[in-house]
Student: 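Okay, handing you the structure first.
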Amino acid sequence: MSLMRSMLLAASQNQWLRHRATSYPFVRLTVSRFMPGETLEDALGAAESLRSKKIGTVFTHLGENIKDRTEAQQVAEHYLELLKRIREKGLRAEISVKFTQLGLDLSPELCFEHLNTIIERAQKDSIVWVDMEASNYVDATLDLYRRALSIHPNVGVCLQAYLYRTKDDLAKLLPLRPSIRLVKGAYNEPPEIAFLRKHDVDESYFELGKQMLKAKKENRCVRAAFGTHDVALIRRLGDFASAEGFSKKDFEVQMLYGIQRAEQERLANEGCTSIVLVAYGSYWYPWFVRRLAERPANLWFLVRNVFAA
Ligand SMILES: Cc1cc2nc3c(=O)[nH]c(=O)nc-3n(C[C@H](O)[C@H](O)[C@H](O)COP(=O)(O)OP(=O)(O)OC[C@H]3O[C@@H](n4cnc5c(N)ncnc54)[C@H](O)[C@@H]3O)c2cc1C
């Protein structure tokens with residue numbers, strides 16, 4: 001892992017930097033590349049313009065590691081309000097939640113209750129996605145996910161290709177007919193548990209992706225979604241999917257707002273399922289710094305904006 005990436009990932013956890021950085025106009029200007037705004041209205045507006053390009057939306061309200069039950073309750077209520085607004089606007093949109101934002105650090109039971117309420121209110125033909133956070137949360141996240149899936153078929157989980165364990169996790173989940181969003185992984189993980197070289201992460205992603213597509217073909221995976229901006233990987237998996245006889249529509253790629261826009265549109269125009277994850281909210285600092293770590297070249301936008309802001 002590059003030194004720059006490690007430094008940025010460490011900075012994403014730094015409270016002092018968070019308080020300072022979020023007040024600088026040039027930082028806020030750079031953040032606007034990756035999120036349409038802080039409010040729910042900003043996010044809904046972005047979804048409407050994506051809809052006009054045949055691109056679906058997954059919303060996520062930014063926040064993680066909340067400290068008390070009231071905050072967890074407020075987050076859950078916010079998601080219920082969001083689901084109501086999605087229905088009212090007739091949007092083709094889903095949501096993605098973080099368990100540490102629903103109270104996992106306080107009590108797994110509390111987190112499960114919130115998740116359960118959210119899934120019960122979501123439309124039955126849409127998936128409630130669960131993000132995967134740092135490796136110390138993987139066991140708890142998968143435990144709660146399996147429990148939710150035993151009650152509701154419309155819940156999906158994110159798996160990270162950089163973790164060695166993911167191959168086994170996927171194999172154990174498939175008999176339960178899950179929905180999976182596969183990503184490379186965004187946290188600072190040590191070599192004892194995770195691939196660090198890009199080539200190794202990419203090969204792990206490709207192998208896991210093939211397993212997901214095979215399982216989907218055999219009806220053992222409800223949704224197989226590829227959360228990546230890696231055009232080469234998308235092409236390899238797309239070719240594999242066509243060779244296996246998948247229709248374009250059954251090939252699903254999810255990307256983040258503002259990244260690889262041309263590729264998002266190309267996929268949608270070709271008839272693939274193209275979805276954009278729209279993040280919004282005021283707690284954007286750690287999420288934004290993880291975006292910088294994924295592509296340190298983004299730091300140039302930050303530098304340029306010092307003069308533009
Ligand atoms: C829909 C979605 C949901 C996600 N959910 C999770 C989650 O729950 N848990 C988790 O750990 N991670 C999550 N991630 C983040 C993921 O783990 C990666 O960190 C991120 O997607 C970058 O990896 P990549 O697959 O795009 O490949 P990379 O090899 O990092 O990038 C491939 C190419 O994409 C472009 N690119 C990638 N990132 C950026 C960026 N930040 N800015 C500009 N260009 C970029 C560049 O052109 C780069 O060359 C999610 C990602 C997506 C798209």
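Heads up: numbering here begins at 1 and tracks the sequence. For ligands, and for the atoms within them, numbers begin at 1 and follow the listed sequence.
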Student: Go through the side-chain N and O atoms of Arg181 and Ser96 and say whether any donor and acceptor fall under 3.5 Å apart.
Tutor: yes
Student: Quiz question: by atom type and distance under 3.5 Å, do the side chains of Tyr137 and Asn65 form a donor-acceptor pair?
Tutor: yes
Student: Name each N or O atom in ligand 1 that is under 3.5 Å from a protein N or O, and give the partner atom and the distance.
Tutor:
{"residue": "ligand 1", "atom": "5 (N)", "partner": "Arg181", "partner atom": "NH2", "Å": "3.3"}
{"residue": "ligand 1", "atom": "8 (O)", "partner": "Met132", "partner atom": "N", "Å": "3.0"}
{"residue": "ligand 1", "atom": "8 (O)", "partner": "Arg181", "partner atom": "NH2", "Å": "3.3"}
{"residue": "ligand 1", "atom": "9 (N)", "partner": "Met132", "partner atom": "O", "Å": "2.7"}
{"residue": "ligand 1", "atom": "11 (O)", "partner": "Gln160", "partner atom": "NE2", "Å": "2.9"}
{"residue": "ligand 1", "atom": "11 (O)", "partner": "Ala186", "partner atom": "N", "Å": "3.0"}
{"residue": "ligand 1", "atom": "17 (O)", "partner": "Gly185", "partner atom": "N", "Å": "2.7"}
{"residue": "ligand 1", "atom": "19 (O)", "partner": "Glu294", "partner atom": "OE2", "Å": "2.6"}
{"residue": "ligand 1", "atom": "25 (O)", "partner": "Thr228", "partner atom": "OG1", "Å": "2.6"}
{"residue": "ligand 1", "atom": "26 (O)", "partner": "His229", "partner atom": "N", "Å": "3.0"}
{"residue": "ligand 1", "atom": "26 (O)", "partner": "His229", "partner atom": "ND1", "Å": "2.7"}
{"residue": "ligand 1", "atom": "27 (O)", "partner": "Lys184", "partner atom": "NZ", "Å": "3.1"}
{"residue": "ligand 1", "atom": "29 (O)", "partner": "Lys184", "partner atom": "NZ", "Å": "2.7"}
{"residue": "ligand 1", "atom": "29 (O)", "partner": "Lys198", "partner atom": "NZ", "Å": "3.1"}
{"residue": "ligand 1", "atom": "34 (O)", "partner": "His229", "partner atom": "O", "Å": "3.4"}
{"residue": "ligand 1", "atom": "41 (N)", "partner": "Arg291", "partner atom": "O", "Å": "2.9"}
{"residue": "ligand 1", "atom": "41 (N)", "partner": "Glu294", "partner atom": "OE1", "Å": "3.0"}
{"residue": "ligand 1", "atom": "42 (N)", "partner": "Asn298", "partner atom": "ND2", "Å": "2.8"}

Student: For Glu77, enumerate each residue passing the salt bridge (charged side-chain N to carboxylate O under 4.0 Å, His left out) test, keeping only those at least two apart in sequence or located in another chain.
Tutor: none
Student: Just by distance, do the side chain of Asn154 and the backbone of Ser126 share a donor-acceptor pair under 3.5 Å?
Tutor: yes
Student: With sequence neighbours excluded, tell me which residues meet side chain to side chain contact (heavy atoms under 4.5 Å, CB included) with Ser274.
Tutor: Ile55, Gln264, Leu267, Ala268
Student: Sequence neighbours excluded, which residues qualify as side chain to side chain contact (heavy atoms under 4.5 Å, CB included) partners of Gln74?
Tutor: Thr70, Glu71
